[in-house]
Structure formats: structure tokens, C-alpha cells
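Atoms considered below: every heavy atom in the structure, side chains included; atoms not considered: hydrogens, waters and symmetry mates. Note that the structure is predicted; figures quoted are calculated from it, not measured.
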Amino acid sequence: MMEMIKLYLDRIKRGLICLSQIKDESGKGYFRILLDYYNLHRRIQIGFYEYFKFEFEKQPEKFRSTFLSSKNKRKFLVVLNPRKYYIIARNKYLAHLVLEGAEIAMPELICYYNPKSKTENDRIGYDYKSILRILKEKNIDKCFIKTTETSQGEGVMLIKSIDYKDNSCQLNSFNGEVFELAQILKNEPLIFESVIEQTAQFNKFNFSSVNTIRFMTTLLPSGEAKVVATFLKIGRNGACVDNAGNGGNIDAAVDIETGEIHSALQFNGWRKSSTVKNHPDTGTLIAGVKIENWNEIRNRVLQFQQAIPFLKAIGWDIAITNQGPVVIEINDFWDETGQLFIGQGWKQEIENCYNEWINHTK
């Protein structure tokens, strides 16, 4: 009981801090802010912290009326991405197996480590000896190592080189850190993946990270797949991941039809974004650039969506290689942040898909 009261009081405290910050930054009075929030809450079901994060007090009507709130998202995804399929998107090892089976391009799965499995073959190991054997037999000299059930770039290590010695295996990280293989093989399951070689265009944006396009897609009962939104995620110099907020990363909207990049911003956290035209580290122009081979990339991602129909609203993190789009990760419970990057919400598109499936099952 006391713990619940503490959580409730903490929420009130955070709300008052947010309210005070909105007042200071906007110059609007408390009553005006709260009235605006109340009206929006009734219209689109947003919470006050969402109002604060997305700076609703200054957003245009187009954004305010189309925003998909967390509450509405949960309602729609109960139908579009049922709970029984969550594990497919949320466990990277299972996602590999499902997407590979559907012939969807992904990085090569070098091996899967799980100390509880006690299984050993050419792709699964459960201890130091079995994983070392797989790495040696496949002559792996670089790889990504990822925890299986994290997202947003957490639990990712880029290994630039591996030194095999008589009594040890040394992993040399992209940032200069050195690990023994035995150090990272703990109780948590891991996957070892091949390193993606992105196109020259994407490498130019920032060479240290795999820069990706987030495709938001939906699948209708007719079998037609649609692209709801697209935005670009670019890492900062020295980072190996591209996720928003990780070191002030760069995000930009991408025109669904043309592939032109626009509305680029440096995301330093909530209410701390600033517009940019060029990458702040590399100087590479971002605004107005068209992504090469856009139509082929978009059409291929639509085929990806059609290939796994049990998830009907997917956020795809797509790397662009000379061989075409490669799936880095799929998200069944994608966050709402991308609406900030593209300058409008995707409520109508997700709701339309939801309604079509509801009517289809009647």
C-alpha cells in the first residue's frame, strides 16, 4: 500500500515539474495549459507526460489531431499484434528464425548462446567451449553481439576484431575496449550476428553506425500492405547504434513516395531537439537528399510485411546495403517518438487497419 502511495505521489511531483517547465518555456499560464491538455486528452486520449514530451502546447493542429497516443496504441495492437505473437518480435533469436523462414533478408546469425539450453550444434552453444568452437570454425573476425530481449540499441556490442589465442579469445570493441569472450558469456542469452556493410550513401551519413530507416507498415485483410510512415535514424560519430536519444542522434522524416529526406533534427532528449541540415559530426548534407533506389527498397519492405501476416502493424528497422534492404530488427510495440520526427501522427492509418480487421472477423 505504501509503495502505491509513493508511486502516486511521485507521479504528481513529476507532473508539477513538467507543468512548471511548460509554463516557463511557453509563457502560457497554468490554467490555459491544463485546459488545453484536458481538451486534447478527451480528443486523442493522451497522458500529461505525452503532452509534455511532444511539446503539444506549440504543435500545429495537423500534429495534434493525428497523434496516436500510447493508450490508443495499446487498444489497436490488441487486435493487430495479438499477445500470443509478441515473442516473435521481442526475442531476437526467434525473430531470426521466423524471418529467415520467410526469406526476409537479415544479418547472418552466426550463433545463439543460451547457458540453459545445453544444446550444441553449428549455430547454438551453451558455454565458452561451444561458442568458441563455432566462432573458430566459421572464421569470424568481427561481429555484433546482442542481448536477445532488449531494444533501442541497448545490449549491443560491435566487435571490430577477434584475436584467437591458445588459452583465450580476445574481443576488440569498436570503441577500443577489450574483452575476453568468457567475460560476456554470463547468464543472459546472446546472439552473434554478422556485421552489415551499408551503402556508400548511408556510410557517408555516419560511418561508425549502421544507419537505418524505420518503416511503419500495416497489413489489411485483403493482403495489401501499406507504408504508414518512414523516417531515418543516423548515429553520431563514435556510436555504433543509431537510436534516438543515444548521444544526440539525428532523425529525419522521409517522404514515402519519393524517398526525399526532410525535417532533420538532432534529438537530445525530450523538449531538447534542434533542427539541422547537415550531420553535426560528418558535415554530410541530410536535408533534401533522396535515398537511392527508394522504390525498390519500399516495395521490398512491403513484401516483408506480407510475409509475416500474424503481425499486422510492424516497425521495421531497415539497413540499406548494396544487395538491398536488410532487417536489423522488427518492433511489434513500436514507440510513438517517430511522430515527432515526421511532424504528424499516424493514428488514422493504424485505426483504419484496426477497423478493417474488426469488421473482417465479424
Checklist entry - Taking the six-membered ring for Trp, are the ring centroids of Phe63 and Phe67 within less than 6.0 Å of each other? => result yes

Checklist entry - Taking the side chain from Asn39 and the backbone from Leu35, do they hold a donor-acceptor pair closer than 3.5 Å? => result yes

Checklist entry - Do the ring planes of Phe52 and Tyr49 sit parallel (below 30°), tilted (30 to 60°) or perpendicular (above 60°)? => result parallel

Checklist entry - Does Glu349 pair with Lys226 as a salt bridge, N-O distance under 4.0 Å? => result no

Item to check | Greater than 12 external heavy atoms within 6.0 Å of Arg133's CZ | outcome: yes

Checklist entry - Do Asn172 and Ser161 come within less than 4.5 Å of each other through their side chains, counting heavy atoms only? => result yes

Next on the checklist: Rounded at 0.5 Å granularity, tell me how far CZ in Phe205 sits from CD1 in Ile291.
Outcome noted: 6.5 Å

Item to check | Stacked cation flag Arg298 on Phe215, 6.0 angstrom / 45 deg | outcome: no

Checklist entry - Parallel, tilted or perpendicular for Tyr37 and Phe48, by the 30°/60° rule? => result perpendicular

Item to check | Sole candidate of Asp251, Asn249, Asp317 that passes side chain to side chain donor-acceptor pair (under 3.5 Å) when paired with Lys233 | outcome: Asp317

Checklist entry - Using 30° and 60° as the class limits, which term best fits the ring planes of Phe341 and Phe267: parallel, tilted or perpendicular? => result perpendicular

Checklist entry - Is it true that Glu336 and Lys73 have a side-chain N and a carboxylate O under 4.0 angstrom from each other? => result yes

Checklist entry - Do you know which of Glu329, Glu188, Glu193 makes salt bridge (charged side-chain N to carboxylate O under 4.0 Å, His left out) with Lys146? => result Glu193

Checklist entry - Do the side chain of Thr284 and the main chain of His279 share a donor and acceptor less than 3.5 angstrom apart? => result no

Checklist entry - Is the charged tip of Lys142 near the ring of Phe174: under 6.0 Å from the six-membered ring centre and within 45° of its axis? => result no

